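Here's the structure we're looking at; comments come further down.
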Amino acid sequence: MRIPFFQFRDFPVGLHSRVEQALIEELHRNQLILGPTVTMFEQEFSRFLGGGEVIGVGNGYDALVLSLKSLGVGPGDEVIVPANGYIATINAVQQLGAKPVFAEPDRQSFNLTAASVAPMLTRKTKAILPIHLYGQSCEMEELLQLCKANGIDLVEDFAQAQGALYKGNLVGTFGKINATSFYPTKNLGAAGDGGAVVTQDEELAHWVRQHHNYGQSKRYEYAQVGVNSRLDSLQAAVLREKLQSLRELNTERRRLAKRYHQALTEIGDIAVPTASSANIEHIYHLYVIRTQRRNELKQLLAQQQVQTLIHYPIPPHYQKAYEHLGYKKGDFPIAEELAETCLSLPLFPGMTDSEQDYVIEQIQRFFAS
Ligand SMILES: *Cc1c(COP(=O)(O)O)cnc(C)c1O
């Protein structure tokens, strides 16, 4: 058997043909940029989240840059980001000329916590930018309290967690302004690039709506020097269909994750990624285990045709791109340990139980030998 790390399958059955149909109809509608379909998707995604304004943008990176920029983040400011995150989040801070300041994740949840962020605060801290990594919400209450006490803003990066709950509310609704990505393999994925900014603040929403479309206030009138970062109508048409199935897609991910938990919890030194508290519902964008024998296990699985990945093998503070921040090995021991021990197993909606059983069997065999 050959098990891909990720594959698009027709799950729920019929989604493929609904998406195809929607694409063809959208082509015929002949309004490919900022048309009514984009507006409809923005409204539907807002309804899904339980309110707020949604502005469709070109990709998740742009959503982050626009969110931070709307808050006035710029040179001289510091933004606290996770030391184990995805590079896009950190690049967005750097792009604006602000300084990314890394904070350690929690070993069990992989996420930033108020306890790890607090020591990194300085007079220059303008915002904190937590990622709900792998589909699991951060402990938001403590992070929000910390921000409030220090007069700084919180911006959520919920690119990996569309539909994840914290205390019954969806992530993407806690921060002052929040960013997500519709990269095809995300839980809510388009058929190409896409992203969105979400905020309950009308002024910020207005600013982003102008800024992402060249600063246009009215046709041929420009109130500010903006950029071009728009969600296109074909992607919006795909996203409208996928959004209808998002709950079902996430439920299926949770079902598969539970099967992995049950089979892997007692095996070797494996740490399974269970939700870190009762406040949190994990939606398993990625199913990331930890083991001291990670490299050996990855190699054995590859030999058995099971594709796994590492998210992420090199912590950002080791990257050449961030040399100028002056961090060194040992500065973030938890992030460094996670990079050496984490392994993402295949998990995607439409994966069959027998495919998953095959993966489990190989892992059991590895630890039995
Ligand atoms: C995917 C992702 C992004 C970037 O999204 P793009 O649409 O690829 O620009 C940003 N942050 C996180 C956490 C992501 O997973």
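Both ligands and their constituent atoms are indexed starting at 1 by order of listing. Sequence positions, counted from 1, serve as the residue numbers for this chain. Owing to the predicted nature of the structure, the values given are computational and were not obtained by experimental measurement. Note that these values count all heavy atoms, side chains included, but never hydrogens, waters or copies made by symmetry.
Counting only heavy atoms of the protein, atom 13 (C) of ligand 1 lies nearest to D157 OD2, 3.4 Å. Ranking the protein heavy atoms by distance from atom 9 (O) of ligand 1 puts Y61 N, 2.9 Å first. Remark: minimum distance from atom 3 (C) of ligand 1 to any protein heavy atom is reached at Y86 CD2, 3.8 Å. The shortest contact between atom 1 (C) of ligand 1 and any protein heavy atom is with K186 NZ, 1.8 Å. For atom 4 (C) of ligand 1, the nearest non-hydrogen atom of the protein is A88 CB, 3.8 Å.
Under 4.0 angstrom from ligand 1, the non-hydrogen atoms of I131 all belong to its side chain.
Y358 and Q305 share no side-chain donor-acceptor pair at under 3.5 Å. Side-chain contact annotation: D106 with T113, donor-acceptor N/O pair under 3.5 Å absent.
Of all the atoms in ligand 1, the ones that sit under 4.0 Å from a non-hydrogen atom of Y183 are 8 (O). Here is the list of ligand 1 atoms found below 4.0 Å of a heavy atom in T89: 11 (N). Taking every heavy atom of S181 and a limit of under 4.0 angstrom, the matching atoms of ligand 1 come to 1 (C), 5 (O), 6 (P), 7 (O).
None of R290, E266, H261, Q262 except one satisfies the side chain to side chain contact (heavy atoms under 4.5 Å, CB included) rule with V272; the exception is H261.
By the 4.5 Å heavy-atom criterion applied to side chains, L239 and F45 are not counted as neighbours.
Between Y284 and H282, the ring planes are parallel. Angles under 30° get that label, and only those over 60° would be called perpendicular.
Q235 and A190 make their closest contact through OE1-CB, 3.1 Å (heavy atoms, listed as atom of the first residue, atom of the second, distance). Of all the heavy atoms in R9 and G350, the pair that sits closest is NH1-O, 3.1 Å.
Remark: ligand 1 and F182 share no N or O pair separated by less than 3.5 Å (distance only, no angle test).
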